[in-house]
Amino acid sequence: ESTTNKNGVATATLPEGDFHLVEHKAPEGFQKLPEPISFHITSGETLKLNVANDPVVPEPVPTGTVRFIKKDKATGDRLPGAIIGVYAADTDIKVAELTTNKDGVAEYELAAGHYYWKELRSPEGFTLLEGKHDFTVTAEKTIEIVVENEAIPSDTGTLRLIQKAAGTGEKDADAVFGVYTARGHKKVAALATGDDGEAQIQLAPNSYYLKELSVPSPFVPETSKIPFTIKDVGVTVTIEASNTKGMGTLVLEKKDTDGK
């Protein structure tokens, strides 16, 4: 009985004759040989056998489908252009970012399990839905989620937020900001940047400020408020915000050759 070494080689000294090679245990991640390999040893010669194993075929992951249908709350009309983030419930990792098509539909195949969704960008002319919304995907089934948005009153302006990484200028997804009135400090909305690092919302003319609520690792939330004013109906205010990465600590311990 021989075991292959780190180079995949095993040797054995045998008398002249006919033999069978039987694999008792395959390398990790590979299938065991299904049949013995017959060979003949001739005295004074070295026989080299090349043996190949097939990789283990992983078990298929059971999947189901989530289908989002976006509608106008008042009329029931389908709404294109909404961006929805889908997250694993146990890790908060974003597994998909979906945009509703011209029929107001977006769907995605997911491994069976527990998830939640957040609206990252509302359809143009409609208010953004806040909060996390849980759902469960069952194998070989489709879960249909109808999401309704309210139309924004026509007497508003627009806030456009662009989130970037300090130093590199790369746009950052999944940064969450609260929008507050300058007077009274009332929270009127929350914004989450999409994969393009942008978010926008319609607001009535007034003075406001932005406050960063959360950022993806390894960035550090900005603690200062970002003031802005929507001066008139139809006006778009663009704000660029940035985050810096957090700092870690390296401890270097010097020892002599005796480990002291």
Side-chain angles (χ1 to χ4, degrees), residues 23 25-34 52-73 75-150 161 163 165 170-177 189-201 213-219:
E23 188 170 50
K25 181 180 178 182
E28 185 175 353
F30 291 85
Q31 300 179 48
K32 192 167 67 172
L33 295 176
N53 293 78
D54 293 324
V56 172
V57 179
E59 291 292 328
V61 177
T63 62
T65 301
V66 59
R67 178 184 297 132
F68 294 96
I69 300 177
K70 270 292 200 177
K71 293 184 177 182
D72 183 324
K73 188 173 183 178
T75 67
D77 292 340
R78 299 291 184 94
L79 301 175
I83 299 179
I84 296 170
V86 178
Y87 302 79
D90 55 346
T91 63
D92 293 324
I93 293 175
K94 183 163 67 174
V95 296
E97 184 169 305
L98 312 176
T99 302
T100 55
N101 61 20
K102 61 183 180 62
D103 299 314
V105 176
E107 65 180 43
Y108 194 77
E109 185 176 341
L110 294 165
H114 301 290
Y115 301 88
Y116 65 86
W117 63 269
K118 295 190 299 184
E119 186 167 67
L120 304 180
R121 185 176 300 176
S122 61
E124 186 175 355
F126 289 82
T127 57
L128 183 78
L129 294 176
E130 295 188 37
K132 301 177 180 179
H133 308 271
D134 297 325
F135 69 96
T136 299
V137 171
T138 303
E140 299 182 4
K141 293 187 177 180
T142 296
I143 178 173
E144 194 168 273
I145 301 173
V146 177
V147 185
E148 297 180 321
N149 292 75
E150 294 182 346
L161 173 66
Q163 176 72 10
E170 294 180 358
K171 293 186 177 181
D172 295 331
D174 297 328
V176 180
F177 288 79
L191 299 176
T193 55
D195 283 346
D196 60 357
E198 296 190 16
Q200 66 179 32
I201 190 172
L213 304 180
S214 65
V215 291
S217 179
F219 294 97

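All residue numbers in this chain count up from 1 along the given sequence. Everything numeric in this text was worked out from a predicted model, so none of it was measured. Quick note: numbers below take in every heavy atom, side chains included, and nothing from hydrogens, waters or symmetry partners.
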K.L.:
Using 0.5 Å steps for rounding, measure from the CD1 atom of I145 to the CZ atom of F135.
P.N.:
5.0 Å
K.L.:
Mind checking whether K70 and L129 have side chains closer than 4.5 Å, heavy atoms only?
P.N.:
yes
K.L.:
With a 4.5 Å limit on heavy-atom distance, are the side chains of F177 and L213 in contact?
P.N.:
no
K.L.:
Carefully, step by step, assess R121 and L191 under the rule side chain to side chain contact (heavy atoms under 4.5 Å, CB included).
P.N.:
CA-CA 8 Å; R121 185 176 300 176; L191 299 176; over 6 Å; no
K.L.:
Apply salt bridge (Lys or Arg N to Asp or Glu O under 4.0 Å) to E198 and list each qualifying residue two or more places apart in sequence or on a separate chain.
P.N.:
R160, K171
K.L.:
Atom NE2 of residue position H133 - does it have more than 12 heavy atoms of other residues, nucleotides or ligands inside 6.0 Å?
P.N.:
yes
K.L.:
Any chance OH of Y108 has more than 12 other-residue heavy atoms, nucleotides or ligands included, within less than 6.0 Å?
P.N.:
no
K.L.:
Considering only heavy atoms from C-beta outward, does the side chain of V66 approach that of L110 to under 4.5 Å?
P.N.:
yes
K.L.:
Using the side chain to side chain contact (heavy atoms under 4.5 Å, CB included) rule, take D72 and F126 through it: C-alpha gap first, then chi angles, then the decisive distance, then the call.
P.N.:
CA-CA 8 Å; D72 183 324; F126 289 82; 3.4 Å; yes
K.L.:
Grab the two heavy atoms, one from A112 and one from A139, that are nearest each other, plus how far apart they are.
P.N.:
CB-N, 3.9 Å
K.L.:
Considering all heavy atoms of both residues, which atom of G194 and which atom of L120 are nearest to each other, and what is their separation?
P.N.:
CA-CD1, 4.4 Å
K.L.:
Are side-chain heavy atoms of Q200 and L161 found at a separation under 4.5 Å?
P.N.:
no
K.L.:
Compare all side-chain heavy atoms of D172 with those of F219 and state whether any distance is below 4.5 angstrom.
P.N.:
yes
K.L.:
Are N149 and K73 close enough that a side-chain donor and a side-chain acceptor fall under 3.5 Å?
P.N.:
no
K.L.:
Can you tell me if T136 uses its side chain to pair, donor with acceptor, with the backbone of G113 under 3.5 Å?
P.N.:
no
K.L.:
Would you check if there is a donor-acceptor pair between the side chains of E107 and T65 at a distance under 3.5 Å?
P.N.:
no
K.L.:
Just do the side chain to side chain contact (heavy atoms under 4.5 Å, CB included) check on L98 and W117 with the steps written out, would you?
P.N.:
CA-CA 10 Å; L98 312 176; W117 63 269; over 6 Å; no
K.L.:
Would you call K71 and E148 a salt bridge, taking side-chain N to carboxylate O under 4.0 Å as the test?
P.N.:
no
K.L.:
A192 and A199: which non-hydrogen atoms are nearest, and at how many Å?
P.N.:
O-CB, 3.7 Å
K.L.:
Heavy-atom distance under 4.5 Å between the side chains of Y115 and D134, does that happen here?
P.N.:
no
K.L.:
Is it the case that atom CD in E124 sees more than 12 heavy atoms from other parts of the structure closer than 6.0 Å?
P.N.:
no
K.L.:
Within the side chain of E150, is there an N or O that forms a donor-acceptor pair under 3.5 Å with the backbone of T127?
P.N.:
no
K.L.:
Can you tell me how far the CG atom of D54 sits from the CG atom of L33, to the nearest 0.5 Å?
P.N.:
8.5 Å
K.L.:
Please list all pairs passing the side chain to side chain donor-acceptor pair (under 3.5 Å) test where one or both residues lie in residues 80-103, with sequence neighbours left out.
P.N.:
Y87-D174, D92-Y116, K94-E97, K94-D174, K94-D195
K.L.:
One pair to check against side chain to side chain contact (heavy atoms under 4.5 Å, CB included): E119 and L128. What are the steps and the verdict?
P.N.:
CA-CA 7 Å; E119 186 167 67; L128 183 78; 3.7 Å; yes
